[in-house]
Structures are given as structure tokens and as C-alpha cells.
Number of protein chains: 2
Amino acid sequence: MSQHDLKLNDLTCGTCPIRHRAVCARCEADELEQLGAIKYYRSYQAGQPVIWSGDQMEFVASVVTGIATLTQTMEDGRRQMVGLLLPSDFMGRPGRANAAYDVTATTDLVICCFRKKPFEALMASTPHIGQRLLEMTLDELDAAREWMLLLGRKTAREKIASLLAIIARRNASLRLTEDGAARFDLPLTREQMADYLGLTLETVSRQISALKREGVIALEGKRHIMVPDLDRLLAETGDDSDGGMPS
Amino acid sequence: MSQHDLKLNDLTCGTCPIRHRAVCARCEADELEQLGAIKYYRSYQAGQPVIWSGDQMEFVASVVTGIATLTQTMEDGRRQMVGLLLPSDFMGRPGRANAAYDVTATTDLVICCFRKKPFEALMASTPHIGQRLLEMTLDELDAAREWMLLLGRKTAREKIASLLAIIARRNASLRLTEDGAARFDLPLTREQMADYLGLTLETVSRQISALKREGVIALEGKRHIMVPDLDRLLAETGDDSDGGMPS
DNA sequence: CGTTATGTTGAGCTCTCTCAAGCTTGGTGG
DNA sequence: CCACCAAGCTTGAGAGAGCTCAACATAACG
């Protein structure tokens with residue numbers, strides 16, 4: 001624990017791994033200093049809750065390392081993941097007192113918190129923060145809409161392939177070997193994948209087995225995926241083959 | 001047509017029905033004047049396309065009157081609605097050259113367009129616009145996430161009930177009669193409802209018939225809905241009975 | 001009137017869910 | 001060191017919700 005705290009205390013904006021992608025990306029040195037005055041780090045172990053829906057939130061935060069999930073739960077227990085927070089993603093909403101979703105650390109997690117009131121004040125006085133937050137929120141909205149297409153119209157197999165493709169695409173530990181193969185770790189359990197995709201965990205398991213049986217992917221252990229041919233995986237997602245033309 | 005243009009030309013910010021809810025809500029008189037210099041109105045008839053995904057967009061816009069839909073289409077024709085634009089909602093994204101979704105007018109539609117380049121410049125110089133846009137985008141993100149729960153986890157019956165409840169809640173022409181009954185027009189065809197809910201149009205039709213048969217709703221024509229007991233409808237949505245506590 | 005767009009209803013099928021059993025892996029305590 | 005246990009995962013069998021295909025109904029419109 002003391003060792004852990006030590007690591008937290010080593011963090012500074014100067015060495016921060018998300019310095020240029022997070023909500024503070026556009027900030028100048030003086031603005032960063034103002035942010036620094038209201039920030040503090042927190043860490044959570046894999047599996048721990050960060051906040052429950054309805055709880056009062058006294059902070060907003062950026063994910064520094066690790067992965068967290070946003071989930072909604074219905075009265076009878078049905079659950080749907082509505083967000084996946086990766087390093088540099090923002091959690092919480094300025095101007096809102098209570099959390100709207102359950103937030104859970106799915107891996108060990110470090111977040112950079114800003115006390116909400118002073119953060120809101122800073123947003124009003126330094127446009128760079130609000131500008132960046134708008135940009136990030138628009139990106140999230142686009143991601144949510146792509147996800148809606150997945151939830152509403154894709155088959156179980158397409159859903160699995162899409163999720164694997166998303167993780168492969170934005171996983172930092174992804175390594176492309178010489179021949180176009182990719183390897184990565186799944187950061188989610190089968191149940192979490194099911195909550196993400198609007199499926200049951202059994203269907204997730206069966207579809208993964210099917211993709212494995214057909215050679216689209218290979219498993220090394222339960223959580224490590226090897227994709228021999230990324231194009232073949234992408235062909236299973238149901239998405240356009242040409243990923244949209246550059247603007 | 002000339003009569004139509006006449007009506008468009010009558011529009012001014014001073015009499016604009018969405019003046020206090022749209023992206024210009026927070027603007028002062030001088031800011032409004034700057035916006036006014038780069039704005040122009042357009043109108044579309046029900047059913048007409050406003051823009052196709054991938055098209056270059058030379059403007060962003062606010063919906064003034066009428067309803068438009070945002071939809072995504074897969075190669076094989078499967079479609080999913082990802083947004084429903086009501087008066088005051090914003091379309092387009094500053095900083096993006098091409099449209100990401102198909103936009104279609106589902107009723108007669110009037111939008112207030114801002115030329116994109118000057119709008120982006122204005123956003124940089126007048127914080128009020130960006131602030132309001134951030135607020136609206138965060139609201140849309142919340143709506144998208146609630147919609148994800150619907151798409152991923154609700155039954156066909158719950159989906160229909162939820163859609164009716166949403167329309168009932170925010171339809172301006174909603175009238176509550178003395179005894180708690182509500183009446184409103186459906187702005188969508190059965191097929192559009194299906195695209196919204198991730199269902200087929202046949203399933204939509206069947207579920208509406210079922211709700212009618214059981215007295216949860218009554219139809220007056222195909223498009224006019226009467227809800228004798230709103231609470232009964234809400235109970236069918238699967239959502240929390242208490243609509244969340246005020247913060 | 002025919003024509004077209006929209007909506008309803010039926011019959012059968014399929015994909016995904018539910019329920020259930022069993023497997024693997026890692027950790028814990030005797 | 002082994003036995004046990006729990007969490008995560010896989011697989012099977014049967015059921016059911018929603019889809020597909022098809023026929024028909026209704027209404028608006030030329």
C-alpha cells in the first residue's frame with residue numbers, strides 16, 4: 001500500500017502518459033498549473049467499483065492507466081455496458097451532481113481527479129479545456145452511435161468480431177507481426193463482453209469458439225487472442241470493407 | 001414555392017421558436033448578430049433527404065421546426081437510426097468535413113444553417129457557443145446511452161412502450177386531459193420505428209396491436225395515439241418506476 | 001378506379017436465450 | 001503436497017422471441 005502510494009506520488013503532468021490526449025491536451029503551462037492545483041490521483045484494483053449510479057460525485061476525472069466500464073442496470077438485473085473508458089478518456093459530467101452510471105475498474109486503474117467545483121470554474125475561464133472536452137464528447141457520441149448500430153442490427157458473430165476488431169485497433173499492446181497477424185489480451189471477461197454486446201455470456205463463449213474453430217482467431221489461454229489475418233476478422237464484422245475515405 | 005420562401009424569409013432570431021434552447025441560447029445580442037451574418041434557412045418536405053453519409057457538409061445547422069432522423073446503413077441494407085433530431089437539436093460537427101450519417105426529414109422541416117468555416121471561427125472567439133454546444137452534446141450522449149440499454153436489453157414490447165413514452169414526454173403537441181390521458185401523433189412510420197428500435201416493421205406492428213388489444217393504448221387512425229393511463233404505459237417500459245430523483 | 005405506400009396478420013423457421021452440467025485454473029487451508 | 005473451492009469458461013438440449021416470407025387490408029392520390 002505504501003509502495004502503491006509512492007507510485008501515485010511519482011505522477012506529474014510532466015511525465016503523464018495521457019498529457020497530450022486527455023482533457024488537458026490543449027492547455028498551456030499556466031493553465032496546466034491551475035489544473036494541477038485541483039487535481040489528485042486515485043487508484044483502484046481490478047474489479048473494484050469506482051462509483052455507483054446516483055452517487056454524488058465530487059470530482060470529474062481522466063483515466064491515466066487501466067480500463068473502466070460504464071454500465072446501466074435495470075431493476076430486474078439486466079445490464080448493458082454503455083461506455084468503455086481507456087487511458088485519456090474522461091469520466092463525469094461538469095454541471096451534474098450525481099453519477100448517471102455505474103463505473104467499475106476492470107483492470108487496475110489510475111485516474112486523475114479534478115475537484116468538480118473548481119474544475120467547472122476553470123472551464124469557464126480557460127476555453128482550452130472546454131474546447132477539448134467538446135471534441136472528446138463528440139468523439140464519444142460517434143462511438144456510441146456506431147455501438148448502437150452494433151446493438152440494434154448486428155448478429156452475435158458480427159458483434160464478437162466487431163468487439164475484437166475494436167480492441168485490436170486501439171490496444172496499445174497490439175503487435176503486428178511480419179505477416180499481418182495481431183496479438184492482444186482481452187481486458188474483459190466473457191460476462192463483461194456479453195454486457196458490452198447485448199448478448200448472454202453463453203452466446204459470447206459459443207461465438208468465440210466458432211471463430212476459433214474456423215481459424216479466424218486463435219486462443220492462447222482464455223484471454224490472449226491471436227488474429228492470423230486481420231482482414232479476415234474485419235470481414236466478419238459486417239462493416240464496410242473500406243474504412244471510409246480520408247477527408 | 002414563392003409562398004414558401006416568403007415564410008422562410010419571415011424567420012428572424014427575434015421570433016425564432018428555438019432561440020432559447022438551441023446552440024445560440026446563451027448568446028448576447030452582439031453574438032447573435034455575428035451568427036445572424038452567417039446563417040440562412042432551408043426547408044425540406046417530409047421524406048426528403050437532407051444529406052447523405054459521406055457527403056461534404058458546408059454547414060452545420062439547428063432544427064427550427066419539424067423532425068429529422070440520423071441513420072446508419074450497412075452494406076446489405078440493414079439500417080439503424082442513431083439519432084432523432086427535434087426542434088433546437090443541432091446537426092453536423094464542427095471540424096468535420098463530411099457527414100457521418102444519413103439525415104432525412106421525416107416531417108416538413110426547417111433548419112437554420114450556419115456556414116461551417118465562419119461558424120468554427122465564431123466558436124473560437126465566442127465561448128458561449130461552444131459552451132452551449134458542449135452541454136447539448138453531453139445531453140445527446142446521455143440519450144444515446146439510454147438508447148443503448150434499450151437496444152441491447154429490452155424486449156420488443158418494452159422497446160415500443162419506451163418509444164411511445166419518449167414521444168409522449170417530449171412532444172409539444174401532447175395534451176394531458178383531465179384524467180391523466182395523453183394524446184399525440186406518431187412522427188414516424190412503422191418502418192422508421194423499427195429502424196429506431198432495432199426491430200422489423202412486422203414486430204413493431206404486432207406489438208402495437210398487442211398494446212392496443214390490452215388497452216394500454218388506443219389508436220385513432222394509424223398515427224394518432226391515445227394513452228388512457230400514462231403510468232400503465234411507463235410500467236411497460238422496463239425502466240425504474242421513479243424517474244430518478246432531482247439533483 | 002387503378003396504383004402505390006403504408007400497415008396488419010398468419011405460419012413457419014432460426015437465432016439467441018435459458019437451464020443445466022461439467023471443465024480449467026488458481027488460490028487456500030488442512 | 002494434496003484436496004477443496006470459487007471464479008471463469010465451455011458445451012449441450014430444449015424453448016421461445018423475433019425474423020422471414022407471404023397474403024391481404026387500408027388510405028391517399030393521380
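Throughout, protein chains are lettered first and strands after them, A, B, ... in sequence-line order, and every chain is numbered starting at 1.
- In this structure, L199(B) reaches the sugar-phosphate backbone alone: every heavy-atom distance under 4.0 Å involves primed, P, OP1 or OP2 atoms, never a base.
- Nucleotides of DNA chain D nearest to E191(A) and R153(A) differ in position, and the one nearer the 5' end is that of E191(A).
- Using bins of under 30°, 30° to 60° and over 60° for the plane-to-plane angle, the ring pair Y196(A)/W147(A) lands in the parallel bin.
- The nearest whole Å value for the distance from the NZ atom in K212(B) to the P atom in dT8(C) is 7 Å.
- For the pair R223(B) CZ and dT26(D) P, the computed distance is 18 Å after rounding to whole Å.
- In this structure, E202(B) atom CD and dT6(C) atom P are separated by 15 Å, rounded to whole Å.
- Ranking dT18(C), dT20(D), dT16(C) by closeness to the A156(A) side chain, first place goes to dT16(C).
- For R42(A) against C113(A), the heavy-atom pair with the smallest separation is CG-SG, 4.0 Å.
- Regarding D76(A), its CG atom lies at a distance of 15 Å from the C1' atom of dT18(C), rounded to whole Å.
- Remark: R206(B) is not in phosphate contact with dG10(C), judged by side-chain N or O atoms under 4.0 Å from OP1 or OP2.
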As a quick check of understanding, evaluate side chain to side chain contact (heavy atoms under 4.5 Å, CB included) for E236(A) and V216(A), giving each step before the final call. CA-CA 9 Å; E236(A) 297 285 355; V216(A) 180; 4.3 Å; yes
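- Of the side-chain N and O atoms in T203(A), none sit less than 4.0 angstrom from OP1 or OP2 of dT16(C).
- When heavy atoms are screened at a 4.0 angstrom cut-off, S205(B) is found touching base atoms of the nucleic acid.
- OP1 or OP2 of dT6(C) has not a single side-chain nitrogen or oxygen of T189(B) nearer than 4.0 Å.
- Atom CD in Q192(B) sits about 8 Å away from atom P in dT6(C), given to the nearest Å.
- Between R190(B) and dT8(C) there is a side-chain N or O to OP1 or OP2 distance below 4.0 Å.
- The interatomic distance linking R78(A) (CZ) with dA17(D) (C1') rounds to 13 Å, in whole Å.
- Residue contacts for G198(B): at a heavy-atom cut-off of 4.0 Å it reaches the sugar-phosphate backbone alone, with no base atom in range.
- Residues I208(A) and L219(A) meet the side-chain proximity criterion, which asks for heavy atoms closer than 4.5 Å.
- For dC15(C), neither phosphate oxygen OP1 nor OP2 lies less than 4.0 angstrom from any side-chain nitrogen or oxygen of T155(A).
- If you take CD1 of I160(B) and C1' of dG7(C), they are 13 Å apart, rounded to a whole angstrom.
- Both T200(A) and L219(B) lie near DNA chain C, and the one whose nearest nucleotide falls closer to the 5' end is L219(B).
- At whole-Å resolution of the value, CG in L186(B) and P in dT8(C) are 10 Å apart.
- Using a 4.0 Å heavy-atom distance criterion, R157(A) is classed as making no nucleic acid contact.
- A heavy-atom distance below 4.5 Å is not found between the side chains of N98(A) and D55(A).
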